Amino acid sequence: MPIILLLSGSLRKGSSNEVVLRTAQVVAPSVGVDTVLYEDLARLPHFNPDDDTDPLPAPVAGLRAALDRADGILICTPEYAGTLPGAFKNLLDWTVGGTEICDTPSAWVNAAAPGRGQGAEATLRTVLGYTGADIVEPACVRIPVSRDLIGDDGLLADSAARRQLGGVLRQLAERVGPSSPAA
């Protein structure tokens, strides 16, 4: 099965971004993909080009290994001050010098309220362009997450949102295609 790496741009536990990605993990088996949630965002050191050499700092080596194993990437990040949060931009900065994201089918879910999040999307598109990611446009969607859509289990309870997440994962898997070793 294709492996989709789930990247949250939020450090906050229980954020709407985390809710989206944890729900994607629940939906994934019915779509025929495996998911891995990257949970070491807070452990990454500040990006410094002088440190982007072997041996890499252990958290960076772990990030790059996770990216290298992934057949696709799904991102859900908040917007902070009109752009990506600093910690998530730092994660992306660590990927620019590597080739792990190059040609990897990638998409994002914008969980922000209507009218918000466009700055983060624009910055994400720019940075992913520098990494050479294969942006799967139809899989880049908006699923506004309000607290009333979250069930007692901390996942999206809304069936339409779950179907939409399933469609995102399906589109990423289709872009991976049969030539992938994990497919």
Side-chain angles (χ1 to χ4, degrees), residues 1-42 66-67 69-85 87-89 91-92 101 104-128 133-177 180 182-183:
M1 279 198 294
I3 297 170
I4 306 297
L5 183 64
L6 307 175
L7 298 175
S8 174
S10 178
L11 291 171
R12 189 169 56 86
K13 286 286 183 203
S15 72
S16 57
N17 302 281
E18 182 180 316
V19 166
V20 167
L21 295 178
R22 290 199 183 279
T23 304
Q25 287 185 294
V26 171
V27 171
S30 67
V31 177
V33 299
D34 192 14
T35 57
V36 175
L37 180 61
Y38 178 77
E39 299 186 81
D40 290 337
L41 180 62
L67 288 165
R69 286 188 299 270
D71 299 302
I73 299 167
L74 179 60
I75 298 167
C76 193
T77 183
E79 179 176 274
Y80 187 74
T83 190
L84 295 172
F88 192 65
K89 176 62 168 68
L91 177 149
L92 293 172
I101 293 181
T104 302
S106 303
W108 58 81
V109 173
N110 182 338
R116 303 189 79 189
Q118 293 90 338
E121 283 185 32
T123 305
L124 187 55
R125 180 180 301 285
T126 298
V127 176
L128 289 177
D134 175 16
I135 298 174
V136 182
E137 294 293 342
C140 297
V141 300
R142 176 177 291 273
I143 304 175
V145 176
S146 59
R147 290 291 158 197
D148 63 320
L149 294 179
I150 302 171
D152 293 336
D153 59 359
L155 302 174
L156 286 173
D158 183 71
S159 59
R162 285 177 174 242
R163 279 192 305 278
Q164 194 172 9
L165 275 174
V168 165
L169 292 170
R170 192 173 296 105
Q171 289 171 333
L172 281 170
E174 287 170 0
R175 183 66 68 93
V176 168
S180 169

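Quantities reported herein were computed from a predicted structural model and do not represent experimental measurements.
- Nearest heavy atom pair, residue Gly154 against residue Val19, reads O-CG2, 3.5 Å.
- In this structure, CD1 in Ile75 is found 8.5 Å from CG in Leu91, a value given to the nearest 0.5 Å.
- Between the side chain of Thr23 and the backbone N or O of Leu156 there is at least one donor-acceptor pair closer than 3.5 Å.
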**Request:** Decide yes or no on side chain to side chain contact (heavy atoms under 4.5 Å, CB included) for Phe88 and Leu7, but give the supporting numbers first.
**Result:** CA-CA 9 Å; Phe88 192 65; Leu7 298 175; 4.0 Å; yes
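- Taking both residues in full, the closest heavy atoms of Val27 and Ser30 are given as O-OG, 2.7 Å, listed atom of the first, atom of the second, then distance.
- No side-chain heavy atom of Leu37 sits less than 4.5 Å from a side-chain heavy atom of Thr35.
- Atoms CG and CZ, on Leu5 and Arg69 in that order, are 8.5 Å from each other to the nearest 0.5 Å.
- Proximity of Leu124 to Leu92: side-chain heavy atoms (C-beta onward) are separated by under 4.5 Å at one or more points.
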**Asked** Going through the checks in order, is the side chain to side chain contact (heavy atoms under 4.5 Å, CB included) test met by Leu74 and Val168?
**Response** CA-CA 9 Å; Leu74 179 60; Val168 165; 3.7 Å; yes
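- The side-chain heavy atoms of Pro85 and Thr77, taken from C-beta on, include a pair separated by under 4.5 Å.
- Closest approach of Cys140 and Ala107 over heavy atoms only: SG-CA, 3.8 Å.
- Judged by distance alone, the side chain of Thr123 and the main-chain N or O of Ala120 form no donor-acceptor pair under 3.5 Å.
- Atom OH of Tyr38 is surrounded by more than 12 heavy atoms from other residues, nucleotides or ligands within 6.0 Å.
- Enclosure of atom CZ in Arg116 is not indicated, since only 12 or fewer non-hydrogen atoms of other residues, nucleotides or ligands lie within 6.0 angstrom.
- Partners of Arg142 by salt bridge (charged side-chain N to carboxylate O under 4.0 Å, His left out), not counting sequence neighbours, listed by chain and number: Glu121.
- Take Arg125 and apply the salt bridge (charged side-chain N to carboxylate O under 4.0 Å, His left out) test, not counting sequence neighbours, and it matches Glu137.
- Side-chain atoms of Thr83 never come within 3.5 Å of backbone atoms of Glu79 as a donor-acceptor pair (strictly under, hydrogens ignored).
- Closest heavy-atom contact between Pro2 and Gly32: CD-O, 3.5 Å.
- For Asp40, the salt bridge (charged side-chain N to carboxylate O under 4.0 Å, His left out) test picks out Arg43, with sequence neighbours left out.
- Proximity of a side-chain donor or acceptor of Asp71 to a complementary backbone N or O of Ile3 within less than 3.5 Å is detected.
- Of the inter-residue distances, the one linking Leu165 atom CG with Arg163 atom CZ reads 11.5 Å to the nearest 0.5 angstrom.
- Within the 4.5 Å cutoff, side-chain heavy atoms of Leu67 are placed close to those of Ile73.
- Within the structure, the salt bridge (charged side-chain N to carboxylate O under 4.0 Å, His left out) test picks out the following pairs touching residues 17-27 (sequence neighbours left out): Glu18-Arg22, Arg22-Glu39.
- Ile4 has its side chain out of reach of Asp34: every pair of non-hydrogen atoms, C-beta onward, lies at least 4.5 Å apart.
- In terms of heavy atoms, Arg12 sits closest to Ser10 at N-OG, 3.1 Å.
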**Request:** Please report the C-alpha distance between Ile143 and Gln164 in whole Å, then the side-chain angles of each, then the deciding distance to 0.1 Å, and finally whether the side chain to side chain contact (heavy atoms under 4.5 Å, CB included) criterion is met.
**Result:** CA-CA 8 Å; Ile143 304 175; Gln164 194 172 9; 3.2 Å; yes
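- You'll find the side chain of Cys76 stays beyond 4.5 Å of the side chain of Ser8, heavy atoms only.
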**Request:** Evaluate the criterion side chain to side chain contact (heavy atoms under 4.5 Å, CB included) for residue pair Ile150 and Leu155; output intermediate values, then yes/no.
**Result:** CA-CA 5 Å; Ile150 302 171; Leu155 302 174; over 6 Å; no
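- Considering all non-hydrogen atoms of both residues, Leu41 and Ala87 come closest at CD1-O, 3.3 Å.
- Residue pairs satisfying the salt bridge (charged side-chain N to carboxylate O under 4.0 Å, His left out) criterion with at least one member in residues 152-161, sequence neighbours excluded, are absent.
- Side-chain contact between Val31 and Arg170: present, with at least one pair of heavy atoms (C-beta onward) separated by less than 4.5 Å.
- When the salt bridge (charged side-chain N to carboxylate O under 4.0 Å, His left out) test is applied to Asp134, the partners found at least two apart in sequence or on another chain are Arg175.
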